[in-house]
Amino acid sequence: MHSQNHWGGSFEIADGAEDDHSRNMDIDRGALQHQQHHQLDETQQSWLLGPPEAKKKDKYLDLGCVVVKRKLLWWMLWAVLGAFVLIGLPIIIAKSIPKKKPHAPPPDKYTEAVHKALLFFNAQKSGKLPKNNGIPWRGNSGMNDGSTLADVKGGLVGGYYDAGDNIKFHFPLAFSMTMLSWSVVEYSERYKAMGEYDHVRELIKWGTDYLLLTFNSSGNTINHVYSQVGTAKINTTTPDDHYCWNRPEDMSYPRPVQTASSAPDLGGEIAAALASASIVFRDNPTYSKKLVHGAATIYKFARDSGKRTPYSRGNDNIQYYYNSTSYWDEYLWSASWMYYATGNTSYISFATDPRLPKNAKAYMGILDFSVFSWDNKLPGATLLLSRLRMFLNPGYPYEESLMGYHNVTSMNMCMYFPKFAAFNFTKGGLAQFNHGQGQALQYAAANSFLAALYADYMEAVNVPGWYCGPNFMTVDDLRSFAKSQLNYILGDNPMKMSYVVGYGKKYPKRVHHRGASTPKNGIKYSCRGGLKWRDAKGSDPHVLTGAMVGGPDKNDKFKDARISYAQNEPTLVGNAGLVAALVAITQSGRGTGVGAVDKNTMFSAVPPMFPTAPPPPASWKP
C-alpha cells in the first residue's frame with residue numbers, strides 16, 4: 001500500500017534498496033555528502049517557514065438577485081460615500097444657509113401717491129381725534145353733533161367731513177368706505193407691502209364705527225336712519241356750513257341732523273359698506289359679526305317694500321348736493337356684498353333674479369349707467385358678480401344672470417377706450433365720464449379702479465382679453481387705460497401739474513377747503529370772519545396732503561383758486577376712488593409671491609358649491 005505524498009513523490013521503501021546502494025558505490029562520497037547536507041538544509045528551512053503560501057481565492061457575496069465580489073461591493077460603497085462628501089454635503093450645507101428674500105421692487109410713483117392720498121382721510125376726520133392722527137393742524141370738532149337725538153347715546157360724533165365744507169353726508173361717506181374696503185379685500189398684500197395695511201383699516205373702522213351710529217345697529221328692525229349732519233341752504237344768510245367759512249374746530253352755528261324714514265338707496269349703500277368691511281375685519285370676529293348684523297338690519301330696512309322713496313327726494317338739504325337718481329343699483333350692489341359677507345344664498349338669489357336687472361335697467365346699454373360713481377353702482381355690482389362667475393362659476397340656477405352681468409361688464413370696459421368714441425376725451429387724454437361737468441377726476445379715478453381690477457380678474461383665470469365687437473382687447477390695454485388716467489392726475493397733463501396736493505413739484509396751493517385755508521393761530525374767527533382766508537391770494541397755510549381736487553375743465557384748463565369749488569375742491573369719494581385705483585395699478589406687492597388679486601379672501605363665507613337649489617328669493621315687489 002502506498003501513502004500519498006503531497007509534495008510530488010512517494011514514501012515507499014522498495015525491496016531493491018540493496019541493489020541501489022551497490023550501484024552508488026562508484027559515486028564520489030564527498031560529493032554525495034555535500035548534496036545530502038544541502039538537501040537537509042532545504043528541508044530544515046521548509047520546516048521553519050512552513051508550507052508555501054497558497055494563492056488567495058476571491059470572495060463573493062450573494063445579494064439574492066445577483067452575486068458580486070465582496071471587494072467590488074466595497075469599492076462601490078466607498079465611491080458612493082465619496083460622491084456624497086464631494087457633491088451631496090456641499091449642497092446640503094448650501095441649502096441650510098438662510099437665503100435672503102428677493103427684494104420687492106422699489107416704490108413706484110403710485111405707491112408714493114397712495115401714502116399721501118390716505119392722509120386726506122386723516123384730515124377729514126370729525127369727532128375726538130386720536131393722538132397719532134398725523135395732521136397737526138387738526139383738532140377735535142363736531143363734539144355736539146346729534147347730541148339732542150334721544151335714540152343715539154353720545155350723539156353722532158365721529159365720521160368724516162365730506163369735502164371743503166364741514167357737512168357729513170352719509171350717502172357718499174358710506175360709498176367711500178365700501179370703496180376702501182373693496183380695495184383691501186382684493187389687494188391686502190399690496191397694502192402690507194406699502195406699509196399702509198393698518199392705516200387703511202383704521203380709516204375704514206373710523207367710518208364704519210360712525211355708520212353704526214346712524215341707525216339702531218344692534219336691533220333687528222328699524223324705521224329710520226340718519227342721513228346727514230349739517231346743512232347748506234341755497235341763497236341764505238342764516239349761518240350754516242356753506243354760509244360760514246370756519247375751521248371745523250371753530251364751528252359755532254347749528255348743525256341739524258337729517259332723518260330718513262325711507263332710504264332704499266342710502267340703506268343699501270350703508271349695508272354694502274358694513275358688509276364689505278366685515279370681510280376686511282374677519283381677523284376680528286367680534287367686530288366683523290357686529291358689522292354683519294348691522295348690515296343685515298339696514299339691508300332689511302332698505303328692502304322694505306313700503307319704503308321705496310329715495311332718501312333725498314324732497315329734502316333741499318340733500319338733493320342739491322347728493323341726490324340719488326335710483327335705488328335699484330344699490331339693491332344689486334348691497335345684495336352682492338351681503339352674499340360675499342355671509343354666504344347666505346338668499347342674497348345671491350335676489351341679485352340674480354331676472355326682475356332685478358330689468359328694473360335697474362342694467363341691460364339697456366344706457367351710456368351713463370356704464371359710469372361707476374357714488375350715484376351709480378351698477379358697473380361695480382356687475383363686476384362683483386362677474387367675479388363670482390369667473391372664480392367659482394356656481395352654475396345653475398345662477399349662470400344665466402351671472403353671464404348677463406359678465407357681458408355687461410365687458411361692454412362697460414369697451415366704453416373706456418377712446419377708439420370706440422363712447423365718451424369724449426380731452427386733448428390731454430382725460431376721460432369725460434361726467435360730460436365736461438365739474439369734479440371730472442373722481443369719475444376717472446373710480447372707473448380706472450374697475451378697469452385695473454377687471455384686468456387682474458382676467459389674468460387670475462388666465463384669460464388674455466375679450467372682444468369689443470371685432471376688436472380683441474387685452475388685459476394690458478385695460479391697464480394702459482387705467483394708467484393713462486392716473487398719470488394724468490399725477491402730472492402727465494397739459495398743465496404739467498399734479499392734481500394731488502403735496503405730490504410732485506407743482507400742485508394746487510389754494511384748495512377750496514375751510515380747514516386748510518384758515519390758519520391755526522389761536523384766533524376763533526366768526527362765521528363770516530373766516531372769508532378773509534377764502535379770498536386770500538396766498539397759498540394755504542396748511543398743506544392738505546393727498547387731497548385730489550376736482551380737476552381741470554374739458555379743455556384741460558385749471559384755475560388754482562379757492563372760489564373755484566368745481567375744480568379745486570376735494571371730496572371723500574374722489575380720494576376713495578383714487579386710493580383704490582392706485583393700489584390696483586402699483587407694482588408694490590408684485591414680484592414677491594403676491595397674486596394679482598386675493599381670490600380667496602372674499603369667498604371665505606361663500607359655499608364652494610351648490611349641491612341643491614337655494615331657497616327661493618325673499619318676496620319683493622318689482
(message) Can you confirm whether or not the ring centre of Phe372 sits under 6.0 Å from the ring centre of Phe433?
(response) no

(message) Counting C-beta onward and ignoring hydrogens, is there a side-chain heavy-atom pair between His406 and Leu402 closer than 4.5 Å?
(response) no

(request) Check whether any side-chain N or O of Asn122 sits under 3.5 Å from a backbone N or O of Ile135 as a donor-acceptor pair, and report yes or no. (result) no

(message) Ring centroids only, cut at 6.0 angstrom: are Phe391 and Tyr457 within range, meaning strictly under it?
(response) yes

(request) Indicate the atoms forming the closest heavy-atom contact of Ala482 with Ser448, along with that distance. (result) CB-O, 3.6 Å

(request) Evaluate the side-chain proximity of Ile348 to Leu388: yes if any heavy-atom separation is below 4.5 Å, no if none is. (result) yes

(request) Mind listing the closest non-hydrogen atom pair of Ser517 and Arg514 along with its distance? (result) OG-O, 3.4 Å

(message) I'd like to know if Glu196 pairs up with Arg190 as an ion pair, taking the criterion as any Lys NZ or Arg NE/NH1/NH2 lying under 4.0 Å from an Asp or Glu carboxylate oxygen.
(response) no

(message) Less than 6.0 angstrom separating the ring centers of Tyr299 and Trp337, yes or no?
(response) no

(request) Would you indicate whether Lys192, at its atom NZ, is surrounded by more than 12 heavy atoms from other residues, nucleotides or ligands within a distance under 6.0 Å? (result) yes

(message) Under 6.0 Å between ring centres: does that hold for Tyr499 and Phe558?
(response) yes

(request) Could you pull out the closest heavy-atom pair between Ala117 and Asn575, with the gap in Å? (result) O-ND2, 3.1 Å

(message) Does any part of the side chain of Tyr321, heavy atoms only, come nearer than 4.5 Å to the side chain of Gln228, both counted from C-beta?
(response) no

(message) Would Lys109 and Asp492 count as a salt bridge (Lys or Arg N to Asp or Glu O under 4.0 Å) here? Give the steps.
(response) CA-CA 12 Å; Lys109 63 181 179 181; Asp492 186 9; over 6 Å; no

(message) A side-chain contact here means heavy atoms from C-beta on lying under 4.5 Å apart; do Ser126 and Trp206 qualify?
(response) no

(request) Please name the pair of heavy atoms, one in Met338 and one in Ala275, separated by the smallest distance, quoted to 0.1 Å. (result) SD-CB, 3.8 Å

(message) I'd like to know if the side chain of Ser410 pairs up with that of Tyr454 as donor and acceptor (distance under 3.5 Å, no hydrogens or angles considered).
(response) yes

(request) State whether a side-chain donor-acceptor pair under 3.5 Å links Tyr443 with Asn376. (result) no

(request) Answer whether the closest heavy-atom distance between the side chains of Thr426 and Asn493 falls below 4.5 Å. (result) no

(message) Checking Glu186 against Trp182: is there a side-chain donor and acceptor pair closer than 3.5 Å?
(response) yes

(message) I want to check a possible cation-pi pair here: Lys205 against Tyr287, using under 6.0 Å from ring centre and within 45° of the ring axis as the test.
(response) yes

(request) Could you tell me whether the side chain of Leu441 reaches within less than 4.5 Å of the side chain of Pro552, counting heavy atoms only? (result) yes

(message) On a heavy-atom basis, which atom in Val511 and which in Pro570 lie closest, and how many Å separate them?
(response) CG1-CD, 3.5 Å

(request) Using a cut-off of 6.0 Å, state whether more than 12 heavy atoms not belonging to Tyr565 lie near its atom OH. (result) no

(request) Answer yes or no: does atom NZ of Lys289 have more than 12 heavy-atom neighbours from other residues, nucleotides or ligands under 6.0 Å? (result) no

(message) If we count only N and O atoms by modelled type, under 3.5 Å, do the side chains of Asp477 and Thr474 hold a donor and an acceptor together?
(response) yes

(request) Let me know which of Val543, Leu119, Asn568 forms a side chain to side chain contact (heavy atoms under 4.5 Å, CB included) with Val501. (result) Val543

(message) Is it the case that the side chains of Asn424 and Lys554 hold a donor-acceptor pair, with the cut-off being a distance below 3.5 Å and no angle test?
(response) no

(message) Can you confirm whether or not the ring centre of Phe171 sits under 6.0 Å from the ring centre of Tyr322?
(response) no

(message) Could you check whether any side-chain heavy atom of Cys468 comes within less than 4.5 Å of a side-chain heavy atom of Met413, counting everything from C-beta outward?
(response) no

(message) For Tyr191 together with Tyr187, are the ring centres under 6.0 Å from each other?
(response) no

(message) Is it true that, when you exclude Met411 itself, more than 12 heavy atoms of the residues, nucleotides or ligands shown sit nearer than 6.0 Å to its CE?
(response) no

(request) Would you indicate whether Asp368, at its atom CG, is surrounded by more than 12 heavy atoms from other residues, nucleotides or ligands within a distance under 6.0 Å? (result) yes

(message) Could you report the tightest heavy-atom contact between Leu478 and Ala455, atom names first, then the distance?
(response) CD2-N, 3.9 Å

